[in-house]
Amino acid sequence: MIKADTLGSLEAIVKLFREIDIPIREADIGDVNRRDIINSSIALNENEAHGAIIAFNVNVNPNSQEDLENSDVKLFKGDVIYQIIEDYQAWIEEREQAKKKAFYDAIIKPAKFMALPKLVFRQSKPAIVGIESLSGTIKQGQTLINKNGEYVGVIASMEDKGETLPDIPRGQRVAMAIKDAVVGKHFDEGDELYVDVPEKHYKFIEREFKDKLTEDEFETLYEFLDIKRKQDPDWGKFGLFE
């Protein structure tokens with residue numbers, strides 16, 4: 001949504017926005033009003049990046065200020081159009097980076113740990129063992145596989161000195177409860193176990209986020225890939241339309 005003080009200013013701003021491929025839902029002269037805010041809210045629901053109002057040399061109608069404050073619409077207001085455009089583009093970039101970070105944080109990333117020798121507290125239902133994280137971040141709820149690619153179980157909980165931990169970094173030692181696992185059947189003391197990265201997540205990491213992995217995560221990713229491809233040579237490979 002573009003609002004400007006004069007028709008000449010409006011035409012110049014619209015031309016600038018079209019030159020840099022910023023989509024325009026509507027352009028008009030006059031102060032920002034309730035209708036503008038409603039229309040921008042509709043645009044925001046369709047695409048978060050489009051929920052913005054460019055206000056050049058105009059104000060927000062006093063009767064509409066509360067509507068704006070109660071909405072998620074972003075207002076860019078000023079009397080220097082190039083500064084307004086820069087501010088808008090910076091806002092778009094910030095939103096994109098935030099979305100990428102949220103997406104990256106949600107992806108299951110490579111990690112592994114060792115079941116420490118002589119620290120089996122319970123063999124099953126659930127298995128409880130002392131472990132040391134060797135790479136990546138280990139999180140409660142993650143599925144585990146062994147070095148043969150076989151399902152081991154799911155991390156039910158992790159505890160250190162009486163404190164329950166939702167996740168642990170590389171190098172930390174904790175007591176881990178593993179649902180479904182049986183020590184001596186699915187793994188033995190001293191074995192390394194891997195977080196089971198879904199194939200779709202692996203492809204996202206390989207294509208978009210590989211440069212964000214730490215060195216130890218990177219190494220573990222390719223150990224994990226080797227395990228998976230011993231079972232299925234095509235695991236993790238990109239199809240023609242991916």
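Keep in mind that what you see is a predicted model, and the values were worked out from it rather than measured. Note that the numbering runs from 1 along the sequence shown for the chain.
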Problem - salt_bridge(Glu19, Lys15) N-O dist < 4.0 Å - result: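 So Glu19 pairs with Lys15 through a salt bridge.
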
Practice task
May I ask you to say whether Asp196 pairs ionically with Lys228, meaning some side-chain N is under 4.0 Å from a carboxylate O?
Solution key: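 Salt bridge: yes.
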
Exercise for the section: Could you check if a side-chain atom of Val120 sits within less than 4.5 angstrom of a side-chain atom of Glu189, using non-hydrogen atoms only? Expected result: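 Val120 vs Glu189: side chains touch.
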
[X] side chain to [Y] backbone, donor-acceptor under 3.5 Å:
X: Asn146; Y: His186; answer: yes
X: His201; Y: Ile108; answer: yes
X: Asn148; Y: Glu150; answer: no
X: Ser64; Y: Val60; answer: no

Handout entry: Criterion side chain to side chain contact (heavy atoms under 4.5 Å, CB included) on Phe238 and Arg207, from CA distance to verdict
Key = CA-CA 10 Å; Phe238 290 93; Arg207 186 170 50 203; 3.8 Å; yes

Problem - Verdict with reasoning, Ser135 to Glu217, per side chain to side chain contact (heavy atoms under 4.5 Å, CB included) - result: CA-CA 6 Å; Ser135 73; Glu217 286 176 326; 5.6 Å; no

Completion exercise
The single option from Ile53, Ile22, Asp28, Ile13 that satisfies side-chain contact (heavy atoms from CB on, under 4.5 Å) with Ile2 is Ile13

Practice task
Only one of Thr143, Leu144, Ile131, Leu193 passes side-chain contact (heavy atoms from CB on, under 4.5 Å) with Ile155; say which it is.
Solution key: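 Between Ile155 and the candidates, side-chain contact (heavy atoms from CB on, under 4.5 Å) is satisfied uniquely by Leu144.
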
Exercise for the section: Test Val129 against Val183 for side chain to side chain contact (heavy atoms under 4.5 Å, CB included), laying out the working first. Expected result: CA-CA 9 Å; Val129 296; Val183 181; 3.8 Å; yes

Practice task
Could you pull out all residues at least two apart from Lys77 that satisfy side chain to side chain donor-acceptor pair (under 3.5 Å)?
Solution key: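 For Lys77, the residues satisfying side chain to side chain donor-acceptor pair (under 3.5 Å) (neighbours in sequence not counted) are Asn59.
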
Exercise for the section: Could you tell me how the ring of Tyr88 sits relative to the ring of Phe17: parallel (under 30°), tilted (30 to 60°) or perpendicular (over 60°)? Expected result: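 Aromatic pair Tyr88/Phe17 classed tilted.
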
Using atom types as modelled, flag every donor-acceptor pair under 3.5 Å from a side chain in residues 159-174 to any protein atom, sequence neighbours excluded.
residue, atom, partner, partner atom, Å
Arg170, NE, Leu134, O, 3.4
Arg173, NE, Glu132, OE1, 3.2
Arg173, NH2, Glu132, OE1, 3.2

Problem - Criterion side chain to side chain contact (heavy atoms under 4.5 Å, CB included) on Met158 and Met176, from CA distance to verdict - result: CA-CA 4 Å; Met158 294 178 287; Met176 177 185 288; 3.8 Å; yes

Practice task
Check whether NZ of the Lys or CZ of the Arg Lys109 lies under 6.0 Å from the centre of the six-membered ring of Tyr104 and within 45 degrees of that ring's axis.
Solution key: yes

Problem - Residue of the set Trp235, Phe218, Tyr202 for which ring pair (Phe, Tyr, Trp, His ring centres under 6.0 Å) holds with Phe224 - result: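 Only one of Trp235, Phe218, Tyr202 forms a ring pair (Phe, Tyr, Trp, His ring centres under 6.0 Å) with Phe224, namely Trp235.
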
